[in-house]
Amino acid sequence: MTTRRTLLAAGGLALPAIAARAQDRPIQLYVGFAPGGNIDLAARMAAPFLEKHLGSGTQIITVNKPGAGGMLMLNEVAAAPADGRHVALVSFPALVTALYDNTPRYRVDSFAYAGLLTDEPYTVFVGNGTPYRSLRDLVDAARAQPEAINIAGAGIGSAPHLALMAIERASGARFTWVPTQGAGQALQLVHGGHVAGSISTVSLTVRGHIQGAHRVVAIMERERWDKAPDLPTGIEQGVDVATGSARGFALPAATPAPIVARWEEAIRRTAADPEFRAMAERDFLIVRHMDRMTMTRFVDEQARIYGEVWRASPWRR
């Protein structure tokens, strides 16, 4: 308890200086994918609330740095000045999978993790011009014609890619993965009829399903989602896969503790903010908050889990 009180006291003393710097130089919130995807939309939704709860005239600008499933952005933030002005919206498991299938310039301990904000299940969705009305239809077609059905999504080794691999293992089907620079680009490919479908979070896909822009054929959750109870789970259709994407905030590892504590508090307040929660409810964004210690343990566990997956079934050869 003494350590925590001391840390908070130090953070309080440091706030005026940090706030003054923030007024002069905007904070850059980095997103490792192209604009228009679920992670980009989550960042832009959260930014005004983080500004409010960081206080003292803080300004945040969202910076998109797509490439290599988010790895290029993570490389940049890990090497950025540790002054509190460079913050990444990190997604999982993408942050840890690159440790195994690529050669990033960062490690798990290259970041100070300030807090998790959202965690959403994935959906499988298809274009309206396809004949598939269920995940079972899609799987049966991919069994009949292995690798003939294209499914698009962000990067190789990304959470959507690993979700598709899990579907393949559970069903015996074989698809062809089409990597994109983000979920927004994959969505465009589906709507344009260039691929059969995609995998992305409920916040990006459910509204379009309701509006008739595409068809969600499964939600990758253990139980049906109460906000869209008509959507069947993959498990109901014989595909035992439940997976999704969690997102939180990370700063360069050397960032002073008072700055990280200030971010931790702003994330906590954002997660609890009634206006933010109302917007999240409206946009099908699922809020799941973790403080920095809990998030750090979560990252370590993700690294362990996906290290085991990589050794058993590499997703890149």
Side-chain angles (χ1 to χ4, degrees), residues 29-47 50 62-78 86-102 104 106-108 110-123 152-166 179-187 198-205 220 243-251 267 270-271 280 283-290 292 294-296 298-303 305-306 309 315:
L29 177 58
Y30 291 86
V31 175
F33 301 93
N38 49 1
I39 298 174
D40 176 68
L41 296 174
R44 294 176 190 277
M45 181 188 294
L50 293 168
T62 302
V63 180
N64 295 88
K65 294 280 185 177
M71 186 185 73
L72 299 184
M73 177 275 291
L74 292 168
N75 284 341
E76 184 167 333
V77 174
H86 304 271
V87 183
L89 180 59
V90 295
S91 61
F92 298 93
L95 183 146
V96 299
T97 56
L99 300 173
Y100 304 105
D101 69 9
N102 217 313
Y106 69 85
R107 310 304 299 168
V108 165
S110 297
F111 303 99
Y113 301 100
L116 201 75
L117 185 61
T118 65
D119 190 3
E120 300 181 68
Y122 274 122
T123 61
I156 295 175
S158 63
H161 184 205
L162 294 178
L164 182 67
M165 290 182 64
T180 67
Q181 289 194 325
Q185 186 182 58
L187 186 69
S198 182
I199 296 176
S200 193
T201 56
V202 292
S203 61
L204 188 70
T205 62
M220 310 314 291
T243 187
S245 178
R247 307 182 199 107
F249 299 88
L251 296 85
I267 295 163
T270 295
D283 291 345
F284 301 97
L285 185 69
I286 300 177
V287 178
R288 179 190 175 199
H289 175 250
M290 290 182 188
R292 56 178 163 162
T294 308
M295 182 181 177
T296 300
F298 171 78
V299 175
D300 290 339
E301 180 67 3
Q302 289 277 295
I305 290 171
Y306 284 97
V309 171
W315 50 83

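Residues: numbered from 1 along the sequence shown.
- T62 OG1 to I39 CD1: the interatomic distance, rounded to the nearest 0.5 Å, is 13.0 Å.
- Side-chain contact between W315 and V309 is present, with heavy atoms from C-beta onward closer than 4.5 Å.
- In this structure, the separation between CG on L251 and OH on Y30 is 11.5 Å, given to the nearest 0.5 Å.
- Legend: residues meeting salt bridge (charged side-chain N to carboxylate O under 4.0 Å, His left out) with R44, ordered by chain and number and at least two apart, are D40.
- Between the CG atom of L72 and the NZ atom of K65 there is a distance of 9.5 Å, given to the nearest 0.5 Å.
- The nearest pair of heavy atoms linking A154 to G182 is CB-CA, 3.9 Å.
- Minimum interatomic distance between F33 and S91 (heavy atoms only, all atoms of both residues): CE1-OG, 3.9 Å.
- Within the 4.5 Å cutoff, the side chain of M295 has heavy atoms near those of the F92 side chain.
- Looking at T97 and L162, their side chains come closer than 4.5 Å, going by heavy atoms from C-beta outward.
- In this structure, Q185 CD and S198 OG are separated by 10.5 Å, a value rounded to the nearest 0.5 Å.
- Counting all heavy atoms, side chain and backbone alike, A183 lies closest to L204 at CB-CD2, 3.6 Å.
- Aromatic ring centres of F298 and Y113: separated by at least 6.0 Å.
- Counting only heavy atoms from C-beta outward, the side chains of L99 and P104 approach each other to under 4.5 Å.
- The two atoms that bring A34 and N64 nearest to each other are C-ND2, 3.7 Å, heavy atoms only.
- Interatomic distance, M73 CE to H86 NE2, rounded to the nearest 0.5 Å: 13.5 Å.
- In terms of the ring-ring contact (aromatic ring centres under 6.0 Å, His included) criterion, Y306 has no residue partners (sequence neighbours excluded).
- Inter-residue side-chain proximity for I286 and P121 is flagged as met; some heavy-atom pair is nearer than 4.5 Å.
- Under the rule for a side chain to side chain donor-acceptor pair (under 3.5 Å), the partners of T118 that lie at least two apart in sequence or sit in another chain are R247.
- Taking every heavy atom of both residues into account, V31 and A43 meet most closely at CG2-CB, 3.6 Å.
- Using a 4.5 Å heavy-atom cutoff, the side chains of V77 and V87 are not in contact.
- Taking S203 as the reference, E120, T201 meet the side chain to side chain donor-acceptor pair (under 3.5 Å) condition, with sequence neighbours excluded.
- Under the 4.5 Å side-chain criterion, counting only non-hydrogen atoms from C-beta, L187 is not in contact with S200.
- Considering every non-hydrogen atom in both L285 and A42, the closest pair reads CD1-CB, 4.4 Å.
- Interatomic distance, T270 OG1 to H289 NE2, rounded to the nearest 0.5 Å: 9.0 Å.
- For the salt bridge (charged side-chain N to carboxylate O under 4.0 Å, His left out) test, no residue two or more places apart in sequence or in another chain qualifies with D300.
- For F249, the ring-ring contact (aromatic ring centres under 6.0 Å, His included) test picks out no residue, with sequence neighbours left out.
- Checking side-chain atoms of S158 against main-chain N and O of G69 turns up no donor-acceptor pair under 3.5 Å.
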